[in-house]
Visitor: 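Dropping a structure here in structure tokens format, bear with me for questions.
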Amino acid sequence: MNNDVVQIRLNQFEDDRGSFQKKFSSLVFPNYEICQINQVKTPKGVFRGLHYQKGQSAESKIFTVNQGIIQLVYFEFKGKKADSVIIEADNTAILIPRGYATGYLVLSDTAEVLYYSNNDYNPDAESGIRWNDGILSNIHWLASIEQVSDKDKCWPDMA
């Protein structure tokens with residue numbers, strides 16, 4: 001995992017009533033201003049991304065998984081390096097800073113992903129990297145990619 005990408009263990013409390021987990025706290029993520037919260041439910045084999053915002057619209061994201069398992073893929077522009085991490089519906093949050101493109105592949109039957117952004121979505125600043133771009137050649141996909149949006153299929157070559 002890249003040194004700028006941070007994996008954080010979230011506390012989960014359980015008793016005879018069920019469980020409680022705080023997904024975000026300013027004590028855990030100091031100086032992180034949430035501008036947008038997104039919840040996405042996706043079936044197995046779907047790849048979403050890799051997306052990023054350019055210029056002043058650049059954003060960092062905090063990813064958590066409420067249900068299922070995903071392979072979170074990220075690409076750092078400064079170092080021109082791609083990597084990935086598995087996130088399960090457990091006590092894990094991944095902070096991806098500005099300057100990265102992000103996307104994920106659903107590995108379980110379905111996955112429900114909750115992610116926070118510190119900037120509002122700006123369609124004029126949106127860009128992306130195709131899942132099969134040569135710049136991602138070091139990524140070992142953990143499942144076959146069966147579905148990608150038409151928009152995500154059309155991002156230009158970066159490699």
Side-chain angles (χ1 to χ4, degrees), residues 1-10 12 18-19 21 23-24 29 34-54 57-77 79-159:
M1 189 176 306
N2 181 297
N3 291 339
D4 295 333
V5 175
V6 179
Q7 181 173 342
I8 297 165
R9 298 297 294 171
L10 303 172
Q12 182 163 312
S19 65
Q21 183 179 66
K23 293 287 191 178
F24 179 87
F29 301 98
I34 295 175
C35 292
Q36 191 170 307
I37 301 173
N38 302 295
Q39 183 171 327
V40 187
K41 191 169 186 175
T42 308
K44 183 176 188 168
V46 172
F47 183 74
R48 292 183 176 268
L50 293 140
H51 301 140
Y52 64 96
Q53 300 277 297
K54 297 185 235 174
S57 295
E59 58 192 343
S60 63
K61 295 178 181 176
I62 298 171
F63 285 88
T64 62
V65 174
N66 291 337
Q67 178 264 317
I69 305 169
I70 66 168
Q71 179 181 6
L72 177 65
V73 178
Y74 50 92
F75 178 81
E76 184 209 358
F77 288 96
K80 302 264 188 235
K81 184 175 183 229
D83 206 346
S84 72
V85 63
I86 305 304
I87 309 177
E88 298 186 46
D90 62 7
N91 303 334
T92 303
I94 304 290
L95 170 62
I96 309 284
R98 284 184 166 99
Y100 286 75
T102 59
Y104 60 88
L105 173 62
V106 176
L107 304 175
S108 53
D109 287 341
T110 60
E112 186 176 293
V113 176
L114 185 69
Y115 67 94
Y116 309 83
S117 174
N118 67 350
N119 216 341
D120 288 313
Y121 171 72
N122 177 356
D124 294 331
E126 181 182 33
S127 197
I129 301 171
R130 277 189 341 277
W131 80 102
N132 61 356
D133 191 304
I135 205 160
L136 303 175
S137 63
N138 69 309
I139 297 296
H140 172 70
W141 298 104
L142 299 178
S144 63
I145 296 173
E146 299 170 14
Q147 187 176 358
V148 178
S149 74
D150 289 340
K151 177 177 73 172
D152 289 343
K153 290 178 185 175
C154 295
W155 297 118
D157 283 335
M158 295 191 72

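Nothing fancy with the numbering, it's 1 onward along the sequence.
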Visitor: Just how far is it from atom CD1 of Ile34 to atom CZ of Phe29, taken to the nearest 0.5 Å?
Guide: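 That separation rounds to 8.5 Å.
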
Visitor: Are any side-chain N or O atoms of Thr64 and backbone N or O atoms of Leu114, one a donor and one an acceptor, separated by less than 3.5 Å?
Guide: yes

Visitor: With salt bridge (charged side-chain N to carboxylate O under 4.0 Å, His left out) as the rule and sequence neighbours excluded, what pairs involving residues 92-108 come up?
Guide: none

Visitor: Taking all non-hydrogen atoms of both residues, which atom of Tyr52 and which atom of Gly128 are closest, and how far apart?
Guide: CE2-N, 3.6 Å

Visitor: Using atom types as modelled and distance alone, determine if a side-chain donor or acceptor of Gln71 lies under 3.5 Å from a backbone N or O of Leu107.
Guide: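 Here the side-chain-to-backbone pair does not exist.
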
Visitor: How long is the span from the OH atom in Tyr116 to the CG atom in Leu95, to the nearest 0.5 Å?
Guide: 12.5 Å

Visitor: Return the set of residues passing ring pair (Phe, Tyr, Trp, His ring centres under 6.0 Å) with Tyr104 (not counting sequence neighbours), or none when no residue passes.
Guide: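 For Tyr104, no residue satisfies ring pair (Phe, Tyr, Trp, His ring centres under 6.0 Å) once neighbours in sequence are set aside.
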
Visitor: How many angstroms lie between CD1 in Ile135 and CZ in Phe77, if you round to the nearest 0.5 Å?
Guide: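 It comes to 7.5 Å.
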
Visitor: Kindly write out the residues that satisfy side chain to side chain donor-acceptor pair (under 3.5 Å) with Arg130, not counting sequence neighbours, or none if the list is empty.
Guide: Asn132, Asp157

Visitor: Residues in side chain to side chain donor-acceptor pair (under 3.5 Å) with Thr92, at least two apart?
Guide: Arg9, Asp90

Visitor: For Lys151, check salt bridge (charged side-chain N to carboxylate O under 4.0 Å, His left out) against everything at least two apart and list the hits.
Guide: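 Lys151 satisfies salt bridge (charged side-chain N to carboxylate O under 4.0 Å, His left out) with Glu126 only.
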
Visitor: In the structure I gave you, are the side-chain heavy atoms of Leu50 and Val73 within less than 4.5 Å of one another anywhere?
Guide: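 Heavy-atom side-chain distance check passes, below 4.5 Å.
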
Visitor: If you measure from OG1 on Thr102 to CZ on Arg48, what distance do you get to the nearest 0.5 Å?
Guide: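 Output value for this atom pair is 12.0 Å.
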
Visitor: Rounded to the nearest 0.5 Å, what separates atom CG in Leu142 from atom CD1 in Ile69?
Guide: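 Here the interatomic distance stands at 10.5 Å.
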
Visitor: Could you work out, with salt bridge (charged side-chain N to carboxylate O under 4.0 Å, His left out) as the rule, every residue matching Glu146, not counting sequence neighbours?
Guide: none

Visitor: Over 60° means perpendicular and under 30° means parallel, so classify the ring planes of Tyr115 and Phe63, tilted if in between.
Guide: parallel

Visitor: Step by step, would you call Leu105 with Trp131 a side chain to side chain contact (heavy atoms under 4.5 Å, CB included)?
Guide: CA-CA 10 Å; Leu105 173 62; Trp131 80 102; over 6 Å; no

Visitor: Can you list the residues that meet the side chain to side chain contact (heavy atoms under 4.5 Å, CB included) rule with Gln147, with sequence neighbours excluded?
Guide: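 Once residues adjacent in sequence are excluded, the partners of Gln147 under the side chain to side chain contact (heavy atoms under 4.5 Å, CB included) criterion are Val46.
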
Visitor: Nearest heavy-atom pair of Asp133 and Pro156: which atoms, and what distance?
Guide: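 Of all heavy-atom pairs spanning Asp133 and Pro156, the closest is OD2-O, 3.8 Å.
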
Visitor: Just to verify, what does Asp109 make a salt bridge (charged side-chain N to carboxylate O under 4.0 Å, His left out) with, not counting sequence neighbours?
Guide: none

Visitor: Can you list the residues that meet the salt bridge (charged side-chain N to carboxylate O under 4.0 Å, His left out) rule with Lys44, with sequence neighbours excluded?
Guide: none

Visitor: Does any part of the side chain of Leu72, heavy atoms only, come nearer than 4.5 Å to the side chain of Ile94, both counted from C-beta?
Guide: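 Touching, per the 4.5 Å side-chain cut-off.
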
Visitor: When rounded to the nearest 0.5 angstrom, what distance separates OG in Ser108 from CD in Gln67?
Guide: 6.0 Å

Visitor: Residues two or more places apart in sequence or in another chain: which of them pass side chain to side chain donor-acceptor pair (under 3.5 Å) with Trp155?
Guide: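 For Trp155 the side chain to side chain donor-acceptor pair (under 3.5 Å) partners, ignoring immediate neighbours, are Asp152.
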
Visitor: Checking Val113 against Ile70 for the side chain to side chain contact (heavy atoms under 4.5 Å, CB included) test, could you report, in this order, the C-alpha distance in whole Å, the side-chain angles of both residues, the deciding distance, and whether it holds?
Guide: CA-CA 8 Å; Val113 176; Ile70 66 168; 3.9 Å; yes

Visitor: What residues form a ring pair (Phe, Tyr, Trp, His ring centres under 6.0 Å) with Tyr121, not counting sequence neighbours?
Guide: none

Visitor: Here's a test for you: under side chain to side chain contact (heavy atoms under 4.5 Å, CB included), which of Gln53, Glu59, Gln36 qualifies with Asn119?
Guide: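 So the option named by the test is Glu59.
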
Visitor: Can you name the side chain to side chain donor-acceptor pair (under 3.5 Å) partners of Lys23, sequence neighbours left out?
Guide: Gln21, Asn66

